[in-house]
Amino acid sequence: MFALVDVTSMYASVEKIYNPNLRNKPVMVLSNNDGCVVAACPIAKRLGFKKFVPYFQVKEEAKKAGVVVCSSNYELYADVSSKMFSVMSQFCDELHEYSIDEAFMRFSPRLHDSEWLALGYEIRKTIWREVKLPVGVGFGPTPTLAKAANHAAKKLDGFRGSAVINTQQEKQALLPRMAVADVWGIGGRLEKRLMAMGINNAYTLSQQSPAKMRKYFSIVLENTVRELQGELRMTWDEIRPAKKEIYSTRSFGKRVTTQDELRAALATHAEIATKKLRAQHSLAHSATFFAANSPHDDSRYVKQSALSSFAVPTNDTRHIIHAASDALNKLFIPGVRYYKVGVGLLDICDEKYRQDDLFTPSTDNSALMAVLDSTNARYGRNTMHFGARGFQQNFAMKRDFLTKRATTRWEEIPRIKC
DNA sequence: TCTGGGGTCCTAGGACCC
DNA sequence: TCTGGGGTCCTAGGACCC
């Protein structure tokens with residue numbers, strides 16, 4: 001049996017943990033640079049505020065409605081998230097963290113559906129007691145059904161946070177009440193095409209012939225249909241396979257116009273992406289670097305990119321930073337007001353295929369990179385970093401409504417007056 | 001003052017090669 | 001009258017997720 005646990009409006013809920021004054025107020029959290037709304041608590045949602053809308057478009061409305069607006073406080077969310085995952089792992093055989101606010105659990109015992117349901121309430125209660133986060137729990141014999149049950153647990157009347165979709169009766173009772181776009185893997189475009197074929201809820205989708213879905217759409221949709229029918233298509237390892245591409249990109253807090261700033265930003269992204277690459281024990285054969293101005297600015301949209309290939313695949317940050325430096329000449333155009341840059345590591349393979357170049361001295365720097373990673377893990381992110389990144393970052397993201405980093409900064413730990 | 005997220009996978013089609 | 005293929009690499013952009 002699988003379960004999917006996720007947090008109700010995670011970012012907004014975390015803000016309410018450390019600022020009790022917010023608990024009965026509508027709260028919204030913004031993305032990087034205070035660009036878009038990325039979380040709205042249930043109270044804000046009821047007032048009509050939605051996710052992924054540019055903030056400046058709803059700014060006035062939010063002010064009028066008394067919505068409290070916060071910038072993203074990632075340090076805090078990541079810390080609370082890891083606490084929650086450690087609580088969750090006590091309940092299951094295996095846990096796969098799927099994103100900052102949700103995880104799949106795998107169970108080997110065979111229980112009755114009523115017992116699963118009760119376990120769901122137990123998990124909810126425990127997470128509330130230990131971390132003060134509201135979660136929904138959904139159980140199913142496949143990850144796609146667990147995800148659907150989670151949707152039912154949170155959205156359908158009468159469930160209050162826990163649901164099971166296992167038997168035929170449960171499928172018949174719950175799937176017809178779920179829109180086809182709410183199925184995991186069905187986005188806006190597929191929804192349109194499916195609706196045109198008369199497939200307008202999760203149950204009708206589950207009744208389709210897998211072969212037909214493969215013929216008209218793709219193997220991805222075929223697997224979704226089979227999983228809705230209860231056939232396991234995604235092995236446990238496939239829920240989170242090694243990534244084939246790793247990107248680090250960010251928009252600047254303000255426009256950037258100098259080559260030095262661009263270089264420093266690229267080096268920063270090279271560090272972040274390469275660290276992720278090492279964390280999944282992989283090497284990259286090539287890397288892409290890009291820089292662009294804003295498509296929303298008046299000037300012509302400019303996006304430059306440069307690809308570097310490595311004779312020997314690497315996860316050495318220095319190799320990526322060197323390549324970034326070479327790419328800079330192609331990326332930088334004087335006069336362009338850069339809005340966004342990024343680094344992508346491509347053509348990724350497992351590090352067990354590491355092979356030295358026959359004609360140059362050993363390129364295995366894994367010991368050096370291990371020291372870098374373990375130092376930063378022990379003494380904090382960025383304790384040790386590359387000079388190419390510069391020592392003064394003028395392009396830090398805009399976070400005008402940042403709350404206190406209550407669990408990760410000594411000077412911002414909450415004080416209780418007696 | 002000015003404002004529009006970040007990440008991954010997949011594929012069509014252009015450019016280039018012989 | 002009818003006539004030029006097949007392969008690889010790269011990029012841009014679509015689609016999906018949170």
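Per chain, numbering begins at 1; letters A, B, ... match sequence-line order. This structure is a prediction, so every number in the text was calculated from the model and none was measured. All heavy atoms count here, side chains included; hydrogens, waters and symmetry mates do not.
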Show me, pair by pair, the donor-acceptor contacts under 3.5 angstrom made by side chains of residues 7-15 of chain A, not counting sequence neighbours?
| residue | atom | partner | partner atom | Å |
| --- | --- | --- | --- | --- |
| A:Ser9 | OG | A:Ala40 | O | 3.2 |
| A:Ser13 | OG | A:Thr8 | O | 2.7 |
| A:Ser13 | OG | A:Ser9 | O | 3.2 |
| A:Glu15 | OE1 | A:Thr403 | OG1 | 2.7 |
| A:Glu15 | OE2 | A:Tyr77 | OH | 2.6 |
| A:Glu15 | OE2 | A:Thr403 | OG1 | 3.2 |

- Is the distance between the ring centroids of A:Phe2 and A:Trp184 less than 6.0 Å? no

- Query: Do A:Lys155 and A:Asp182 meet the salt-bridge criterion of a basic N to acidic O distance under 4.0 Å?
  - Reply: no

- Task: For B:dG5, take OP1 and OP2 only and decide whether either is under 4.0 Å from a side-chain N or O of A:Lys340.
- Result: no

- Note on the structure: With A:Lys340 as partner, the option from A:Asn293, A:Val256, A:Thr249 fulfilling side-chain contact (heavy atoms from CB on, under 4.5 Å) is A:Thr249

- Of the listed B:dC9, B:dT8, C:dC10, the closest approach to the A:Tyr247 side chain comes from B:dT8

- Message: For the NZ atom on A:Lys275, are there more than 12 heavy atoms of other groups (residues, nucleotides or ligands in this structure) within a distance under 6.0 Å?
- Response: no

- Task: State whether A:Thr249 places a side-chain N or O below 4.0 Å from either non-bridging phosphate oxygen (OP1 or OP2) of B:dG7.
- Result: yes

- Length of the line joining A:Arg399:CZ and B:dG5:P, which is rounded to integer Å: 16 Å

- Note on the structure: Those stems involving DNA chain C that have three or more consecutive Watson-Crick or G-U pairs, both distances under 3.5 Å, are B:5-18 with C:5-18

- Query: If every non-hydrogen atom of A:Ser206 is compared with every non-hydrogen atom of A:Val225, which pair is closest and at what distance?
  - Reply: O-CG1, 4.2 Å

- Note on the structure: In numerical order, the residues of residues 292-303 of chain A whose heavy atoms come under 4.0 Å of DNA chain B are A:His296, A:Asp297

- Item | Whole angstrom value for the distance that separates C1' of B:dG5 from CG of A:Asp101 | 16 Å

- Rounded to the nearest angstrom, tell me the gap between atom CD in A:Gln280 and atom P in B:dG7. 14 Å

- Task: Would you mind reading off the distance between A:Leu307 atom CG and C:dC10 atom P, rounded to a whole angstrom?
- Result: 6 Å

- Query: In terms of the nearest nucleotide of DNA chain B, which residue is placed more toward the 5' end: A:Asp400 or A:Lys276?
  - Reply: A:Asp400

- Query: A:Ile246 near the nucleic acid: base, sugar-phosphate alone, or nothing, with a heavy-atom cut-off under 4.0 Å?
  - Reply: sugar-phosphate

- Query: Can A:Thr142 and A:Arg226 be counted as having a side-chain donor-acceptor contact under 3.5 angstrom?
  - Reply: no

- For atom P, what is the distance between C:dC18 and B:dT3, given to the nearest Å? 31 Å

- Quick one: closest heavy-atom pair of A:Gly253 and A:Asn33, and the distance? CA-OD1, 3.2 Å

- Message: Less than 4.5 Å apart, side chain to side chain, heavy atoms only: is that true for A:Arg255 and A:Tyr339?
- Response: yes

- Grab the two heavy atoms, one from A:Ala65 and one from A:Phe49, that are nearest each other, plus how far apart they are. CB-CE1, 4.1 Å

- Item | Where protein sits on nucleotides 13-18 of chain B, one letter per nucleotide: B base, S sugar-phosphate only, - none, heavy atoms under 4.0 Å | ------

- Message: Tell me which pairs pass salt bridge (charged side-chain N to carboxylate O under 4.0 Å, His left out) where either residue lies in residues 71-87 of chain A, with sequence neighbours left out.
- Response: A:Glu75-A:Arg399, A:Asp79-A:Lys83

- Lys/Arg-Asp/Glu bridge criterion (N-O < 4.0 Å) met for A:Lys147, A:Glu102: yes

- Comparing nearest nucleotides in DNA chain B, the 5'-proximal residue of the pair A:Ser248, A:Arg337 is A:Arg337

- Rounded to the nearest Å, what distance is computed from the CG atom of residue A:Asp34 to the C1' atom of nucleotide B:dT1? 14 Å

- Query: So what does A:Gly188 touch, heavy atoms closer than 4.0 Å: a base, only the sugar-phosphate, or nothing?
  - Reply: sugar-phosphate

- Mind calculating the distance between CZ (A:Arg255) and C1' (B:dT3) to the nearest angstrom? 8 Å

- Query: Among B:dC9, B:dG4, C:dT11, which is the nearest nucleotide to the side chain of A:Glu245?
  - Reply: B:dC9

- Message: Distance check needed: B:dT11 P versus A:Phe217 CZ, whole Å only.
- Response: 16 Å

- Quick check: are there more than 12 heavy atoms from other residues, nucleotides or ligands sitting under 6.0 Å from CG of A:Asn382? yes

- Give me the residues of residues 44-66 of chain A where at least one heavy atom lies under 4.0 Å from an atom of DNA chain B, by number, or none. A:Phe52, A:Pro54, A:Phe56

- Message: If you count every heavy atom of other residues, nucleotides or ligands that lies below 6.0 Å from A:Asn24 atom CG, does the total exceed 12?
- Response: no

- Tell me which nucleotide among B:dC2, C:dT11, B:dG5 gets nearest to the side chain of A:Ser305. C:dT11

- Query: What does A:Val183 touch in the nucleic acid at a heavy-atom separation under 4.0 angstrom: a base, only the sugar-phosphate, or nothing?
  - Reply: sugar-phosphate

- Report the C-alpha separation of A:Glu412 and A:Lys404 in whole Å, then their side-chain angles, then the decisive distance to 0.1 Å, and conclude whether the salt bridge (charged side-chain N to carboxylate O under 4.0 Å, His left out) test is met. CA-CA 6 Å; A:Glu412 296 182 17; A:Lys404 289 187 172 169; over 6 Å; no

- Under 4.0 Å: is that the gap between some side-chain N or O of A:Ser31 and OP1 or OP2 of B:dG6? no

- Query: Rounded to the Å, how far apart are A:Trp184 CH2 and B:dC9 P?
  - Reply: 13 Å

- Task: Give A:Ile186 one of three labels, base, sugar-phosphate or nothing, depending on what nucleic acid heavy atoms sit under 4.0 Å from its own.
- Result: sugar-phosphate

